[in-house]
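Below is one structure, written out as structure tokens; comments come after it.
Chain letters run A, B, ... following the sequence lines, proteins first and then strands; every chain starts at 1.
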Amino acid sequence: METIQRPNNFILHIIEQDLSDNKNNGRIVTRFPPEPNGYLHIGHAKSICLNFGIAGDYQGNCNLRFDDTNPHKENAEFVDAIQKDVQWLGFDWGDHLYFASDYFEKLYEFAVELINKQKAYVCDLTAEEIREYRGTLTQPGANSPYRERSINENLDLFKRMRNGEFADGERVLRAKIDITSPNMNLRDPTLYRIRHGVIHHQTGEAWCIYPMYDYTHPISDALEGVTHSICTLEFEDHRPLYDWVLDNVSVPCHPQQIEFSRLNLEYTVVSKRKLNQLVEEGHVEGWDDPRMPTISGLRRRGYTAAAIRDFCGRIGVTKSDNVVEIGVLENCIREDLNANASRRMAVLHPLKIIIDNFPADKVEELDAINHPQDPSQGIRKIPFTREIFIDREDFREEAPRKYKRLVSGGEVRLRYGYVIRCDEVVKNNQGEIIELHCSYDASTLGADPEGRKVKGVIHWVSASHGVEAEIRLYDRLFNHPTPNQGAGDNDYRERLNPDSLRTLTRCRIEPALADAMPGDRFQFERVGYFCLDQAMVSTDVPVFNRIVTLRDTWAKLEKQHPAG
RNA sequence: UGGGGUGUAGCCAAGUGGUAAGGCACGGGAUUUUGAUUCCCGCACGCCCAGGUUCGAAUCCUGGCACCCCAACCA
């Protein structure tokens, strides 16, 4: 399983080069800098694996730093959830847990330094005015009338901003760079804004001015001695500003910002804002809804951390736009679970079978192996009785071509048990099949029948010994491969898949499954991989979440040739 | 009409002047008491397009084209 083929990407090339140049004295420090304004998703996992992976590969370290400069959108719940998710993914930040808010005082001092160097000024323009003065993509902006204030006046005003003498929006601190720059980010960007009345989850009410990301991030990186500051492509335009800040302030080092393209996944959205909307508007049950591409959702769905790490390794790291097929993720969890999950039998759509020639009071304990390729998982006993359930999909009155399950008058093998023959089909007044009468061939336990070939094997559960369960079949959350595609920013909500959750009640599972612990994963033979839900432990029936189906070449065949 | 990026198979993605890795998907076959797994085999005369340089170009040069990102007191 641990066939870790060394990932090969352009960021690693840069690092190898830096190492051979003895840049930073061979030190490697990265960081993962989430804003605690939502839960982490699969796109963050890509970044986490990259940053922590580099630290691990090069004996460096990776800091977990909360980018908590906008208290309006952030809270402690997110701080906790993010730490849990990173840990669960298998990464350790040691004692390198930081908050950008740890640096608020230093950030303030650096701002004073900028003012003293005439590199920053307090601006009285309103937000709308600033926007107007900034110009457009194709037209240069015009200088703010407050741009040439004296150092002393700026110092005084900035101090009074901090002291709470001005209302929200009344003044901001701006960098003095170039209002005509073709790069919008350099047109005197805002450095500090005033925010009264919010309680910051780390600093409480200590501050009423908050630094902006573009100012905070480079300084935080430098203060922590980060060597490689890896972020996504949309910040590429910000790099000149990142460098400008570090060049104009007395920080101990100058980290290198490197950008890579963010992950896009078919049939899902990977945007904290949109995921937040799905939660807030009740389209899903929460951030950890098993349909969500969040780390917590995937965890509850039954994905393993190893599978997610494997996925992140397979998709690569580049600067090109990409939309990864959902099948790649599914393949990763199948591969993990195929190797590790114990096999069990469960009937999702029960159809009763009465085996007429089997004694009514007899219970025969049959041996079943827990894993076909891993003998160390041992065997278990499964009770075989006169009445059993099979899946309705495993019976047809008339067999299509190539169908090898049970048909009227035909034979099929019960997994780990006997060959049975269907003698009679019982229907109700509506013509629905309600039960089957069969007979079993006692000579076929662990042996092929005399003179006949039985191709099919189906799974089953004892009617008297089986346990009732609820099974939730999850499907893709969106029915469009790229829900974001198209102009409307909110169109994605119209592409929600109405059938993303199908709840099956009164399913029957084999008795051994009654002992499962929340979070345990199994392969239900011939059906898929399932996980005992971790949040529904209080209900009287166990709830299993479908993680992913088994590959199903029969279904594919049927789809291609519906007639059979 | 500005700036910054990216174009290699259906989807990811190696490749850094010497004759197109790998994974997923797909197609064919073998094994199988899971139509699973596993195992074989196949899958770019071609690298966005057009010119050019070179003995030789996905890689270098020139000119196009397409797509993505940027005008929060968000990150």
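Here A:Thr69 reaches the OP1 or OP2 of B:rA75: one of its side-chain N or O atoms lies under 4.0 Å away. Taking only side-chain nitrogens and oxygens, A:Arg239 never comes nearer than 4.0 Å to OP1 or OP2 of B:rG3. Between A:Ser320 and B:rA13 there is a side-chain N or O to OP1 or OP2 distance below 4.0 Å. OP1 or OP2 of B:rG35 lies within a sub-4.0 Å distance of a side-chain N or O belonging to A:Arg526. Within the 4.0 Å cut-off from OP1 or OP2 of B:rC74, at least one side-chain nitrogen or oxygen of A:Arg195 is found. Close to B:rG15, at under 4.0 Å from its OP1 or OP2, lies a side-chain N or O of A:His13. Here A:Lys556 reaches the OP1 or OP2 of B:rC26: one of its side-chain N or O atoms lies under 4.0 Å away.
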Go through the steps for A:Phe311 and A:Tyr303 under the test ring-ring contact (aromatic ring centres under 6.0 Å, His included), then give the verdict.
-> CA-CA 11 Å; A:Phe311 172 74; A:Tyr303 272 77; 8.9 Å; no
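When the C1' atom is used for both B:rU59 and B:rG15, the distance is 8 Å, rounded to whole Å. Taking atom P in both B:rG42 and B:rA58, one finds a spacing of 24 Å when rounded to whole Å. Comparing B:rA44 with B:rC39, their P atoms sit 22 Å apart, to the nearest whole Å. Nucleotides B:rU33 and B:rG46 have their C1' atoms positioned 47 Å apart, rounded to a whole Å. Comparing the P positions of B:rA30 and B:rA21 gives an interatomic distance of 29 Å, to the nearest angstrom. For the C1' atoms, the distance from B:rA50 to B:rC55 is 23 Å, rounded to whole Å. Comparing B:rC47 with B:rG17, their C1' atoms sit 15 Å apart, to the nearest whole Å. Taking atom P on both nucleotides, B:rG5 is separated from B:rU62 by 16 Å, rounded to a whole Å.
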N/O to N/O distances under 3.5 Å, protein versus nucleotides 66-71 of chain B:
unit_1	atom_1	unit_2	atom_2	d
B:rC68	O4'	A:Asp321	OD2	3.2

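Minimum atom distance to the side chain of A:Arg415 is reached by B:rU33, of the listed B:rU33, B:rG35, B:rA14. Relative to the side chain of A:Asn70, the nucleotides B:rU33, B:rC73, B:rA75 differ in distance, and B:rA75 lies closest.
Backbone-only engagement by A:Val323 is indicated by non-hydrogen atom pairs under 4.0 Å involving sugar-phosphate atoms exclusively. Nucleic acid contact for A:Ile130: base, since at least one base atom lies under 4.0 Å from a heavy atom of the residue. Residue A:Arg334 is out of contact with every strand shown, counting any heavy-atom pair closer than 4.0 Å. Residue contacts for A:Tyr192: at a heavy-atom cut-off of 4.0 Å it reaches no nucleic acid atom on any strand shown. Contact annotation for A:Leu186: no contact, since no heavy-atom pair falls under 4.0 Å across all strands. Counting any heavy atom pair closer than 4.0 Å across all strands shown, A:Val317 reaches sugar-phosphate atoms only and no base atom. Using a 4.0 Å heavy-atom distance criterion, A:Gly141 is classed as making no nucleic acid contact. Using a 4.0 Å heavy-atom criterion, one finds that A:Phe166 contacts no nucleic acid atom at all. As judged by a 4.0 angstrom heavy-atom cut-off over every strand, A:Gly456 is placed among residues making no nucleic acid contact. Residue-level contact check: A:Ser261 touches neither bases nor backbone, having no heavy atom under 4.0 Å from any strand. Among the atoms of the strands shown, base atoms are found under 4.0 Å from some heavy atom of A:Gln523. If you check every strand for non-hydrogen atoms under 4.0 Å, A:Val172 touches a base. As judged by a 4.0 angstrom heavy-atom cut-off over every strand, A:Met212 is placed among residues touching the sugar-phosphate backbone only.
In this entry the distance linking CD1 of A:Ile379 with P of B:rU33 reads 18 Å, nearest Å. Regarding A:Glu129, its CD atom lies at a distance of 13 Å from the C1' atom of B:rC73, rounded to whole Å. Residue A:Asp441 contributes atom CG, which lies 17 Å from atom P of B:rU33 at whole-angstrom precision. In this structure, the NZ atom of A:Lys559 is 16 Å from the C1' atom of B:rG35, given to the nearest Å. At whole-Å resolution of the value, CZ in A:Phe158 and C1' in B:rC73 are 13 Å apart. A straight line from CG of A:Leu191 to C1' of B:rC74 spans 15 Å, rounded to a whole angstrom. To the nearest angstrom, P of B:rA14 lies 11 Å from CG of A:Asn322. For A:His217 and B:rC74, the NE2 to C1' distance is 14 Å, given to the nearest whole Å.
Other residues, nucleotides and ligands contribute at most 12 non-hydrogen atoms within 6.0 Å of the CZ atom of A:Arg421. No more than 12 heavy atoms of other residues, nucleotides or ligands sit less than 6.0 Å from atom CD of A:Glu450.
Geometrically, A:Arg195 does not engage A:Tyr210 in a cation-pi contact, judged by NZ or CZ lying under 6.0 Å from the ring centre and within 45° of the ring axis.
With sequence neighbours excluded, no residue satisfies ring-ring contact (aromatic ring centres under 6.0 Å, His included) with A:Tyr416.
In this model, a side-chain donor or acceptor of A:Glu325 finds a partner on the base of B:rG10 within 3.5 Å. Between the base of B:rU38 and the side chain of A:Gln373 there is no donor-acceptor pair shorter than 3.5 Å. Side-chain to base pairing of A:Arg551 with B:rU37: no donor and acceptor N or O lie closer than 3.5 Å to each other.
A donor-acceptor pair shorter than 3.5 Å cannot be found between the side chains of A:Gln523 and A:Glu525. For the 3.5 Å distance criterion, the side chains of A:Asn370 and A:Arg344 qualify, holding a donor opposite an acceptor. Under the 3.5 Å distance criterion, with hydrogens and angles disregarded, a donor-acceptor pair is assigned to the side chains of A:Glu77 and A:Tyr39. A side-chain donor from one of A:Gln17 and A:Asp21 sits under 3.5 Å from a side-chain acceptor of the other. A:Asn484 and A:Thr482 form no side-chain donor-acceptor contact under 3.5 Å, judged by distance and modelled atom types alone.
Heavy-atom nearest nucleotides on RNA chain B were determined for A:His371 and for A:Asn338, and the one closer to the 5' end corresponds to A:His371. Comparing A:Thr138 and A:Asp448 against RNA chain B, the residue whose closest nucleotide sits nearer the 5' end is A:Thr138.
Base pairing analysis places B:rU6 opposite B:rA66; the two distances defining the Watson-Crick or G-U wobble pair are each below 3.5 Å.
A:Asp102 and A:Arg65 are not joined by a salt bridge, as no carboxylate oxygen comes within less than 4.0 angstrom of a charged side-chain nitrogen.
For B:rA75, the base is not stacked against the aromatic ring of A:Tyr213, per a cut-off of 5.5 Å between centres and 30° between planes.
Glycosidic conformation of B:rA25: anti, with the torsion beyond 90° of 0.
Put simply, the side chain of A:Asn183 gets close to the backbone of A:Asp237: a donor and an acceptor are under 3.5 Å apart.
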